[in-house]
Protein chains: 2
Amino acid sequence: MSYIFSTMDSNQRITIKDIARLTGLSKGTVDRVLHNREGVSKKSYAKVMKVIQDLGYEPNLFASLLAHNKKRTVAVLLPNYNAGEFWELAEAGLRKGAEAVHAFGIEIHRIGYDQYNLDSFHKAAEEVLAMNPSGVVLAPMFKDDSFIFVRRLHEKGIPYVYIDTKLECGGYLAYFGMPLYQSGYLCAAILTDAHKDVQEVAVVRVQRDKHGQSDPTIYRREGFIDYISKHFPSCKMRSVFIDPKKPEEIDGILEEFFNLHPDVRHIAMYNSRIYLVTPFLERHPERNYRVVGFDNLAANLAGLKNGTVTALIAQRPDEQIHNAIGTLSDYIVFGKAPAKRDNFVSMDILTRYNEEYY
Amino acid sequence: MSYIFSTMDSNQRITIKDIARLTGLSKGTVDRVLHNREGVSKKSYAKVMKVIQDLGYEPNLFASLLAHNKKRTVAVLLPNYNAGEFWELAEAGLRKGAEAVHAFGIEIHRIGYDQYNLDSFHKAAEEVLAMNPSGVVLAPMFKDDSFIFVRRLHEKGIPYVYIDTKLECGGYLAYFGMPLYQSGYLCAAILTDAHKDVQEVAVVRVQRDKHGQSDPTIYRREGFIDYISKHFPSCKMRSVFIDPKKPEEIDGILEEFFNLHPDVRHIAMYNSRIYLVTPFLERHPERNYRVVGFDNLAANLAGLKNGTVTALIAQRPDEQIHNAIGTLSDYIVFGKAPAKRDNFVSMDILTRYNEEYY
DNA sequence: TTTTTATTCGTTACCGTGCACGATTCGCAA
DNA sequence: TTGCGAATCGTGCACGGTAACGAATAAAAA
C-alpha cells in the first residue's frame, strides 16, 4: 500500500517549450492557446490542445508569477481605536501578516474608520474601492452599508474576508472570528459556575445608535440567555445601558441601577468594555460581585488582577487578522481557496491565575 | 488611522541587479554574498552588505524558486488498512493534498505499514529515509521506534508533521489531530447524558501486543475516567478485551462478559472499531444499551442507522492529512512556519439524526 | 624578474512563462 | 499574376535569481 501521487509517468514536468516542439509550433502560439487569446488557427489550436490533454501540461506557477511580477495591494478595513481598546489587539497580527505576505508582492493598506460614525465608514469604503485592491479584509460593523460595500466588491471580482463579525450572506472567501453564540453560552456558564441557584443576573450593555449597526453581541446575548433560561429558569435577567462616549455618566448610572436591584450578584458584559465597570466594582468590594467580560484589553486584565473581574473570555484578534491575510494571499497569488470558510478561534478563559501566561 | 505596510519608501522593490549597479560589482558577486559562499573579498562583501542594509533588499521568492526548479518529495507514512477501516478515511485528504501541492513541485509518496507489525514499520521507515524526502507526514503508532525514526529525520534536517497521534517530544513542525483527552471526556459525557445515576459502565478494549505501541486511546481513557469519577463517583468501570484479528471470537467473549455483568447499560469504545460490537448488540435489542464509539466508518454509521449505536464522535482524518501536507509544503517551499504547532480538529458528534449530513 | 598558484570577480546561460513586435502566410479582389 | 489587408505565427526580450566557467588580478614561489 505504497504509491506515488503523480499526474504523469515521466518524472520531468512538461513545459511550454516541449509542447512547442511536439506540435511544431512556437512558444508564442502555445501561449496564445493556453490563454485563449485570438489569432490562432483552428488546426494549431487543436494540435496544442491534444498534446496538453495527452501529456497533462500544467503551468509552472513560479515562472508565471515571476513573469507577471505584479505588486498587489490588500486593503484592511478596520475600526480606529484609542489606546487600550479592542482593535488595538489586532495590530500585531496586521504587522505579522503584512510581513508574511510581503514576499509574495502583496502590500497591506490599513484603512481606518470610526465604528460609531457611518459617514467615516462610507469614506473609508470609497477609499478602498478607489485603490482597486486585489483583496479586502474587513470587520463589518455597519450591517447594511457593509452589505452594499461587499456587493460592490463582488461586482468587481474582489475577494473579501470577514474578521470578528460576518454578514450572513454568501460571497465571502472566509471568516475568522469567535463562535459568538457559544461565547455567550460559555459566558453564562462561567458566570454561574458552582452556583446551585441564581435568581438575578445583570448585563451591562451599550446603547447602539440607529444606523443599522451590525452588533455581534446580539448572538452572544442569545447564547447567554439560552444558558441561563435552561439552567436557571426562574432567573431574572436585567439590563443596564451605558454609553462609552460619555464615561462621566457611567458611575452614576451603575450606582442607581444596582441600588435599585440589590440582590444582583452576577454581572456580565457582552463586549470588550468591562473595564468601564471596574471603577464601580472597586467601590463595592463588600458586595462580592461575580463578573465576566470579554477580551484581554490591558484595562480588563487590570480588573482581573485587582479581583473585581472574575473571568474574561478572550479571543486572539491578532491571530485572526494574521490568518485572514494569509488566506487572502493564498487565494490571490496561488488561487488556493481556504480549507474552511468559517474559521473559529478558540475561546480562552482568563482568570487572575492564568492571565499572565496568556 | 490609515497606513501602508512597506519596508521601503520607493514602491519598487530592489533587485540583485540594483545592488550590483550600486556597488559597481556584478550579479554573481552579489549572489555569492547573499548566500555566504566563498570567494568574496572583505571589501566587496562589506559594500554589498551596506547596500542590502540601507535599501532593505529581500529576494524575490518566485525567481529563486524558478531558478532552483527543484522537484521535491514528501513521504507520508501511514498504516495500511482494509476496506472500511479508519485509515481509509484519510485517503481522500491525501489525494487532495497531493493535488494542492503539486503546483509547487512537490510529489507525495505514500508509504504504508502494518500497524500491528513492528517489522513492517521498520521497513517502511527505512524506505522513507532512503528516499531522502524534503518532509515527512507520519502517524507514530509505534512509540519507541517512531521516536528513533524522527530523531534520524531531525539529524538529517527533515521536517516532519504528526497526524492523529503525536509523541510528546519537541522537534516536530506541527501536529494535526483530535484533542484526545477531551474526546474521552466528551465520550463519557455523551454516554451518561440525561442519566441521573450510572452504577456501571463497560468499555470494550483492544489488547495491544508488547512492542511499545503508541496507543492514542490511553489519553481518551484518562478523559473518560476523569469524567465518570467526577460525575458518578460510585460508578464501576469494567473492561472487556477483544482482538480485531480474531473476529470469530468476539461474539463469544462479549456474550460471556455481559452475562456476567447484567446491570451494565452503558458501553463505550476508545477506538474506531465499535462496529465489531454491533453484531452482539443487534442480538440484544431488549437490553437497550447506550453505546458511544469513535469515527465515521461506514460500518459504524450502519450501527447508528440501525439503532445499536447511540452516538459516534468523529474527527476528519482527511482534513487532517490535507492540512498536514499543506503546512509541510508551506514550510519546505516558502520557509513559512505554521501559525500553530498543535492543531486540533473539531470533535463532531454524530447520531442517527445528523449522520447523513456529515 | 618570471612562473606558478590562489583569490576574486565578471560573463553567460539557464529556469518557464508572458507578451510585444515584427515577420510570414493566406485569402480575395483587381 | 500581382497587390494588399487580415489572419496567423515565430522571435526575442523581460521577470529576478542561480551557479558553472573561465578570465583577471593578486600573492607566492622560482
Side-chain angles (χ1 to χ4, degrees), chain A residues 7-8 10-49 51-52 55-72 102-106 333-335, chain B residues 7-8 10-49 51-52 55-72 102-106 333-335:
Chain A
T7 43
M8 63 207 91
S10 106
N11 43 12
Q12 203 53 42
R13 268 173 78 153
I14 193 174
T15 73
I16 275 191
K17 200 158 51 172
D18 295 326
I19 301 176
R21 189 171 33 79
L22 291 168
T23 53
L25 293 162
S26 72
K27 290 196 317 172
T29 304
V30 175
D31 183 65
R32 274 180 278 261
V33 172
L34 287 171
H35 295 86
N36 283 318
R37 263 181 286 145
E38 55 184 2
V40 182
S41 67
K42 290 208 183 83
K43 206 166 60 176
S44 301
Y45 184 88
K47 270 202 285 190
V48 172
M49 286 307 278
V51 175
I52 289 176
L55 303 197
Y57 167 78
E58 46 197 317
N60 181 315
L61 207 53
F62 301 141
S64 179
L65 289 166
L66 173 61
H68 278 116
N69 200 29
K70 276 187 198 153
K71 290 178 311 173
R72 333 203 194 200
H102 185 246
F104 299 155
I106 291 185
V333 180
F334 303 112
Chain B
T7 44
M8 62 208 91
S10 104
N11 43 13
Q12 202 54 40
R13 270 173 76 152
I14 194 174
T15 72
I16 270 191
K17 201 160 49 173
D18 296 325
I19 301 176
R21 188 169 35 78
L22 291 169
T23 54
L25 293 163
S26 72
K27 289 201 313 174
T29 304
V30 175
D31 184 63
R32 273 181 280 260
V33 172
L34 288 171
H35 295 84
N36 284 318
R37 262 181 291 144
E38 56 184 359
V40 182
S41 67
K42 290 207 183 87
K43 207 166 60 175
S44 301
Y45 185 88
K47 271 202 284 190
V48 171
M49 285 308 277
V51 174
I52 288 176
L55 304 197
Y57 167 79
E58 46 199 318
N60 182 315
L61 209 53
F62 301 139
S64 177
L65 289 165
L66 174 61
H68 279 117
N69 201 28
K70 277 186 197 149
K71 290 178 310 173
R72 334 202 193 200
H102 184 247
F104 299 155
I106 291 185
V333 180
F334 303 112

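Residue numbers begin at 1 in each chain, while the letters A, B, ... track the order of the sequences.
Remark: C1' of dG16(D) and CG of Asn60(A) are 14 Å apart, rounded to the nearest angstrom. The separation between Glu38(B) atom CD and dA20(D) atom C1' is 14 Å, rounded to whole Å. In this structure, Leu61(B) atom CG and dT18(D) atom C1' are separated by 14 Å, rounded to whole Å. If you measure from atom OH of Tyr45(A) to atom C1' of dA7(D), you get 17 Å, rounded to the nearest angstrom. When rounded to the nearest whole Å, the span between CG of Asp18(B) and P of dC15(D) equals 10 Å. The NZ-P distance, from Lys71(A) to dC15(D), rounds to 14 Å in whole Å. Atom NE2 of His35(B) and atom C1' of dA19(D) are 10 Å apart (whole Å).
Using a 4.0 Å cutoff to heavy atoms of chain B, the contacted part of DNA chain C runs 5' to 3' from dT8(C) to dG16(C).
Considering only heavy atoms from C-beta on, Val48(B) stays 4.5 Å or farther from Val40(B) through its side chain. Taking the side chain as every heavy atom from C-beta outward, Asn69(A) and Asn60(B) approach each other to under 4.5 Å. A 4.5 Å side-chain heavy-atom check between Tyr57(A) and Val51(A) finds every atom pair outside the cut-off. Inter-residue side-chain proximity for Thr23(A) and Thr29(A) is flagged as unmet; no heavy-atom pair is nearer than 4.5 Å.
Residue-level contact check: Gly24(A) touches the backbone only, with heavy atoms under 4.0 Å from sugar-phosphate atoms and none from bases. Among the heavy atoms of the strands lying under 4.0 Å from Lys27(A) is at least one base atom, whether or not backbone atoms are also near. At a threshold of 4.0 angstrom between heavy atoms, the contacts of Asp31(B) include nucleobase atoms, whether or not backbone atoms are also involved. Backbone-only contact: Tyr57(B) has heavy atoms under 4.0 Å from sugar-phosphate atoms and none from a base.
In terms of position along DNA chain C, the nucleotide closest to Ile16(A) lies nearer the 5' end than the nucleotide closest to the other residue of the pair Arg32(A) and Ile16(A). Place Leu25(B) and Leu66(A) on DNA chain C by their nearest nucleotides, and Leu25(B) ends up nearer the 5' end.
Under a 4.0 Å N-O distance rule, the pair Asp31(A)/Arg37(A) qualifies as a salt bridge.
A distance of 7.5 Å separates CZ in Arg21(B) from OG1 in Thr15(B), rounded to the nearest 0.5 Å.
A close approach under 4.0 Å does occur between a side-chain nitrogen or oxygen of Asn69(A) and OP1 or OP2 of dG16(D). The shortest distance between the side-chain N/O atoms of Ser41(A) and the OP1/OP2 oxygens of dA7(D) is not below 4.0 Å. Between Ser26(A) and dC9(D) there is no side-chain N or O to OP1 or OP2 distance below 4.0 Å.
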Problem - Test side-chain contact (heavy atoms from CB on, under 4.5 Å) applied to Leu65(B) and Leu66(A), step by step - result: CA-CA 10 Å; Leu65(B) 289 165; Leu66(A) 173 61; over 6 Å; no
Exercise for the section: Apply side-chain contact (heavy atoms from CB on, under 4.5 Å) to Val33(A) and Ile19(A), showing your working. Expected result: CA-CA 11 Å; Val33(A) 172; Ile19(A) 301 176; over 6 Å; no
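The two residues Lys27(B) and Lys17(B) have their closest heavy-atom pair at CG-CA, 4.4 Å.
Classification of the Phe62(A)-Phe104(B) ring pair by plane angle, with boundaries at 30° and 60°, yields parallel.
An angle of 70°, rounded to 10°, separates the two end axes of the helix from dT1(C)-dA30(D) to dA30(C)-dT1(D), each defined over five pairs.
Checking dG16(D), dC9(D), dA19(D) against every side-chain atom of Thr15(B), the shortest atom distance belongs to dG16(D).
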